[in-house]
Amino acid sequence: MAEGKKLFKWRDLWVWIDRSLLPEGRGRVLRDRSNPLEMYNESELLERFRFDRATIFEIVGALTPQLQHVTERNGTLSPSQQVLIALRFFASGSFQNSLGDMVNVHRTTACRAIRRVSLALMRIMGRYVRLPTQEEAARMKQDFYFKSGLPGIIGCIDGTHVRYHSINVQLVCTNDMQIIDLVSKWPGSTHDARILKESALHREFEEGRITGLLLGDSGYPLKRWLMTPVIAPRTPQERRYNFKQASTRSIIERCIGVLKRRFHCLHSEIRMHPERVCVVIAACVVLHNICVEKRMPLPRQVAVLDQPEEVENPVALNQEDISGRLIRNRLITNL
């Protein structure tokens, strides 16, 4: 290669041009991409990325096979850089161009990194978001019973909205806020009861492959496996049941609140196509479960608040399951 010259194609000819003749700024410039893992201490990493250094390395290791570029030419982003850009977006909910400034990459490159990491996390969701085995369900029932005195509970269900393109997200969580089921594909106008009815979760319970009870609000139908509040309670026992049911079910509202506060992109307006928003939601749920598993503390500036309940219209009484009513009556009597 000729020193001090640059090769250009002109029509069908390749020619060498002296670099001194080129205007400043012409040609590709590979920017210096700083490494936040070397810039920040543990508390600063937690504030900005929601994970400590060791867990970030674990996430990078799990996603590297999907994020590694075939070639290192043209200054491609490493898997760790892609993960850090995506984590910063999930945590802050800020615009992608400001994220790109963090490691000195272009906005479009940051957008691609967020997309690639989101898809990679969604592909491994089965490792982190899954319904319990029989042994796990037995432990969950014990945990809920110690908390509430209600027997047989394995989880609480609720829906929440993720805005800009409003999407109604169905979540089921355990007593320690581990999310065991997610549905994130329905428009915000869809009723919670319909989302449940069309879900794989509904089929699993109806066909008896999962044993145990869920707790839900009055937006869900009463079923033999789904306990809802008594509408217009008339006896002290019914009022006591409603109190126990609501206080126990509050864990899902708290879980949603922690999820959205930890990953503020779900709490703010995500300016993306709806399909891409659904992928981001799945990615954040996977990361949430990793946080629960690793006992990641919430950053100092993130308040731990329950998510305000988004009340659905109560399901009509004629949609209640007779066997569900018998089971609920037995719970009320035993209380």
Side-chain angles (χ1 to χ4, degrees), residues 36-37 40-64 66-67 79-80 82-94 99 113-114 117-132 136 139-140 143 155-158 160 162 169-184 250-268 270 277-307:
L37 291 174
Y40 302 122
N41 60 33
E42 292 291 339
S43 63
E44 290 171 331
L45 287 173
L46 185 66
E47 294 282 341
R48 289 170 169 80
F49 304 104
R50 304 304 192 244
F51 294 96
D52 59 24
R53 196 181 314 273
T55 307
I56 291 174
F57 281 130
E58 288 184 25
I59 295 170
V60 171
L63 301 185
T64 290
Q66 300 183 63
L67 300 179
S80 62
Q82 295 176 63
V83 168
L84 289 170
I85 290 172
L87 290 180
R88 184 62 179 142
F89 169 70
F90 298 149
S92 67
S94 62
L99 300 172
I114 293 166
V117 173
S118 299
L119 287 169
L121 286 166
M122 189 178 72
R123 292 188 190 108
I124 65 171
M125 187 168 65
R127 302 182 200 172
Y128 298 96
V129 183
R130 59 178 180 79
L131 296 172
E136 291 167 339
R139 289 195 297 270
M140 293 173 183
D143 290 342
C156 299
I157 184 171
D158 203 359
T160 188
V162 173
V169 181
Q170 175 182 285
L171 297 165
V172 179
C173 81
T174 64
N175 189 49
D176 62 358
M177 292 195 289
Q178 190 89 10
I179 295 173
I180 59 174
D181 189 69
L182 165 72
V183 179
S184 60
S250 66
I251 190 66
I252 184 63
E253 296 161 14
R254 183 176 173 82
C255 176
I256 292 171
V258 168
L259 174 68
K260 287 187 173 182
R261 298 278 175 176
R262 177 175 269 138
F263 302 111
H264 203 263
C265 65
L266 304 180
H267 196 66
S268 57
I270 307 178
V277 175
C278 294
V279 175
V280 167
I281 294 168
C284 289
V285 168
V286 171
L287 294 172
H288 166 86
N289 278 0
I290 294 174
C291 286
V292 173
E293 179 184 323
K294 300 290 186 179
R295 300 185 183 276
M296 288 291 118
L298 281 169
R300 290 190 300 272
Q301 79 277 17
V302 176
V304 181
L305 301 173
D306 289 353
Q307 179 72 5

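Bear in mind the structure is a predicted one, so any value in this text is a computation, not a measurement. Keep in mind that the numbers below use all heavy atoms, side chains included, and drop hydrogens, waters and symmetry copies. Sequential numbering from 1 along the given sequence is applied to the chain's residues.
- Contact of the Arg262 side chain with the Phe90 side chain is not registered, since no non-hydrogen atoms from C-beta on lie closer than 4.5 Å.
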Determine, step by step, whether Arg88 and Ile85 satisfy the side chain to side chain contact (heavy atoms under 4.5 Å, CB included) criterion, reporting the C-alpha distance in whole Å, the side-chain angles of both residues, the deciding distance to 0.1 Å, and the verdict. CA-CA 5 Å; Arg88 184 62 179 142; Ile85 290 172; 5.9 Å; no
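- Contact of the Val172 side chain with the Ile179 side chain is not registered, since no non-hydrogen atoms from C-beta on lie closer than 4.5 Å.
- Scanning both residues, Leu84 and Ile56, for their nearest heavy atoms gives CD2-CG2, 4.1 Å.
- Taken from CG in Asp176 to CZ in Arg139, the straight-line distance is 10.5 Å, to the nearest 0.5 Å.
- Summarising the geometry, atom CE belonging to Met122 is positioned 13.0 Å from atom SG belonging to Cys284; distances are rounded to the nearest 0.5 Å.
- Under a cutoff of 6.0 Å and an axis angle of 45°, Arg48 and Tyr40 form a cation-pi pair.
- A heavy-atom distance below 4.5 Å is found between the side chains of Cys291 and Phe263.
- Evaluation of the salt bridge (charged side-chain N to carboxylate O under 4.0 Å, His left out) rule for Arg130 yields Glu136 as partners, not counting sequence neighbours.
- Across all non-hydrogen atoms, the minimal contact from Arg50 to Ala91 is NH2-O, 3.3 Å.
- For the pair Leu121/Leu63, a side-chain contact is recorded, criterion being any heavy-atom separation below 4.5 Å from C-beta on.
- Taking all atoms of both residues into account, the shortest heavy-atom contact from Glu47 to Pro299 is OE1-CB, 3.7 Å.
- Considering Ile290, Leu287, Thr55 in turn, Thr55 is the only one that fulfils the side-chain contact (heavy atoms from CB on, under 4.5 Å) rule with Met296.
- The CZ atom of Phe51 lies 10.0 Å from the NZ atom of Lys294; values are rounded to the nearest 0.5 Å.
- Within the 4.5 Å cutoff, the side chain of Leu37 has heavy atoms near those of the Phe57 side chain.
- A distance-only check finds a donor-acceptor pair linking the side chain of Glu44 to the backbone of Asn41 [under 3.5 Å].
- The shortest heavy-atom contact between Leu182 and Val129 is N-CG1, 4.3 Å.
- Here the CG-CD1 distance, from Leu259 to Ile252, works out to 9.0 Å after rounding to the nearest 0.5 Å.
- Checked by atom type and distance alone, the side chain of His288 pairs as donor or acceptor with a backbone atom of Met177 at under 3.5 Å.
- For Arg53, the salt bridge (charged side-chain N to carboxylate O under 4.0 Å, His left out) partners are Glu42, not counting sequence neighbours.
- The nearest pair of heavy atoms linking Ile180 to Pro132 is CD1-CD, 4.1 Å.
- In this structure, Cys255 SG and Lys260 NZ are separated by 11.5 Å, a value rounded to the nearest 0.5 Å.
- From Leu171, atom CG reaches atom CD1 of Ile157 across 9.0 Å, with rounding to the nearest 0.5 Å.
- Closest approach of Leu67 to Ala120, counting heavy atoms only: CD2-CB, 4.2 Å.
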